[in-house]
Amino acid sequence: MTLKRSASASPRGVAWPQVEAVTIGDLLQRNAHWAATKARIDPEYFRRLSAQQAPDYLWVGCSDARVPANEVVSLDPGELFVHRNVANLAPSQDANFLSVLQFAVEVLKVKHVIVCGHYGCGGVRAALSGKRHGMIDHWLAPIRCLYEDEAGYFDRILDFEARVNAVCEANVLAQVRAVASNPFVQEAWVRGQGLSVHGWIYSIKDGLIRDLETSVANRKEATRLRTRGGAAHG
Amino acid sequence: MMIEDHIRAAAPRHPGGIERSPPALLKEPLEFLFAEHYRHRQMCKILEYLAVEPAFDASLIAATDDFIRYELALHVIDEEEDLFPLLRRRCEPDDDIEDVLGRLSADHALDQQLAQAVRSIFALALERRTPPSALPGGAEALLKLAKQEKGHMALENAVVMPLARRRLTVDDLEALSLRLAARRGVAAG
């Protein structure tokens, strides 16, 4: 069971959400309502969508439910190819990620790969917590290494949440480097395919994306990004 | 000044309300943030006033509570998730910014705790229609937040704002302006 919100008036007259239970049956009803609304506005919408998938963008983001990829960049279904995992990693040994990346680059021929992290990431926080969480610790090991490699820098940030945010940014940079040095991306550049890799970070607190200025569009820029300072000094 | 000294000192005059920042200032993001600091100092004056004022002033309490709830919270996001990360990227090692930003981030975390304590006092004051100064721990909670905020503002104005003026680029300021506005529900024109 999840929660749904309905508007009501606060004591000061401001509309304020209240939380009620949403059943699994409600989701199916909501789906029917959503599809009907789409079809009413644009009767050809689903027929057009089913005919082809031609997104220009691959989104590598976090699984966090508060970062809905299409919604935060205001794109419709079909316009964004999405891969999400805990802490938006791009591991070169992950068959799932590699399959998505190859399909996006070689078949869909996306023009942009966007690695988008978010401040306050629970995966990054867990990696920095020093506690054992089970299986997820293995997945988050690259983030722990990233932090340990530059602990001297990160530990100067006294506030834990601010430190987590700095590592969130550094993690995005590390994943942009990983995507840019991936053979599928490198080969695309050798073929002359137009493809850029970008690093962004999103804030759940304000819904805004910040460009971390890590964009690369060819092998030379990728090499420059790889050799530019440490993770902390993107 | 110690809390007891403040309470013993002559009661401060009614500080008036907190002025609104002109929306046009959003186009000058550093000026906007500087103006926000001025509004925070106005908030501190109100807190100091309410800490000793024996009369119940519901509208001043409610307005200050709203300021803490919305404006103060937004300002922390402006800095923690916008200005500070930008400065970390732009400042030179010689600027030695990290220790200051680290301290300010710790301040922000403490601000939020102290602000929550003040909001609890305000809620109780409004419920009982009693001045915050008459509630147990009321004056202390208000003065603690005021003192903390004033120290915080002084450090930001003395160190962070001059560095921001020196290091941020025209593009940085444009992007910052866009986000400050969006955060306040103002779409780019």
Side-chain angles (χ1 to χ4, degrees), chain A residues 10-16 66-67 72-74 116-121 124-125 150-173 176 199-215 225 228-234, chain B residues 58-59 61-63 65-66 69-70 73-93 96-113 122-123 126-127 169 171-172 174-188:
Chain A
S10 74
R12 294 199 191 136
V14 180
W16 197 246
R66 299 163 297 176
V67 193
V72 302
V73 286
S74 198
C116 188
H118 67 98
Y119 288 132
C121 179
V124 172
R125 189 179 291 120
E150 307 245 9
Y153 168 78
F154 291 122
D155 286 347
R156 289 181 69 188
I157 305 172
L158 299 179
D159 180 66
F160 181 71
E161 290 305 317
R163 193 182 314 142
V164 166
N165 287 348
V167 177
C168 289
E169 287 189 356
N171 179 43
V172 169
L173 173 60
V176 169
W200 292 354
I201 195 145
Y202 175 79
S203 169
I204 289 164
K205 291 180 182 170
D206 62 16
L208 294 169
I209 291 170
R210 289 87 164 135
D211 182 356
L212 292 177
E213 301 161 31
T214 59
S215 298
L225 183 70
R228 186 179 92 184
H233 307 285
Chain B
S59 65
I61 295 170
D65 186 49
D66 277 349
R69 179 176 182 179
Y70 298 108
L74 272 180
H75 187 72
V76 172
I77 303 171
D78 289 340
E79 294 187 340
E80 282 297 324
E81 301 200 352
D82 227 336
L83 181 65
F84 292 0
L86 205 49
L87 281 174
R88 283 192 173 102
R89 289 209 293 278
R90 293 287 179 259
C91 283
E92 303 289 333
D96 207 16
I97 189 77
E98 199 44 64
D99 290 337
V100 174
L101 294 186
R103 184 181 150 190
L104 290 172
S105 294
D107 274 358
H108 281 148
L110 180 60
D111 286 351
Q112 285 173 345
Q113 284 175 31
F122 282 166
L126 289 170
E127 186 189 317
T169 65
D171 287 348
D172 289 339
E174 267 182 32
L176 192 58
S177 165
L178 186 77
R179 289 193 297 268
L180 288 174
R183 208 169 282 130
R184 286 159 178 81
V186 181

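Every value quoted in this text rests on a predicted model; they were computed, and no experiment measured them. No hydrogens, no waters, no symmetry mates; every other heavy atom, side chains included, goes into these values. Below, chains carry the letters A, B, ... as their sequence lines are ordered, and counting in each starts from 1.
- With sequence neighbours excluded, the residues forming a side chain to side chain contact (heavy atoms under 4.5 Å, CB included) with B:Q113 are B:L110, listed by chain and number.
- If you measure heavy-atom distances from A:I157 to chain B, the contacts under 4.5 Å come from both the backbone and the side chain.
- Side-chain N or O atoms of A:N165 include one that pairs as donor or acceptor with a backbone N or O of A:G120 at under 3.5 Å.
- In terms of heavy-atom pairs under 4.5 Å with chain A, the best-connected choice from B:A73, B:A175, B:S105, B:A182 is B:S105.
- A donor-acceptor distance shorter than 3.5 angstrom exists from the side chain of B:D172 to the backbone of B:T169, with no hydrogens or angles considered.
- Partners of B:F84 under the ring pair (Phe, Tyr, Trp, His ring centres under 6.0 Å) rule, at least two apart in sequence or in another chain, are B:H108.
- With a 4.5 Å cut-off on non-hydrogen atoms, A:I209 touches chain B through its backbone but not through its side chain.
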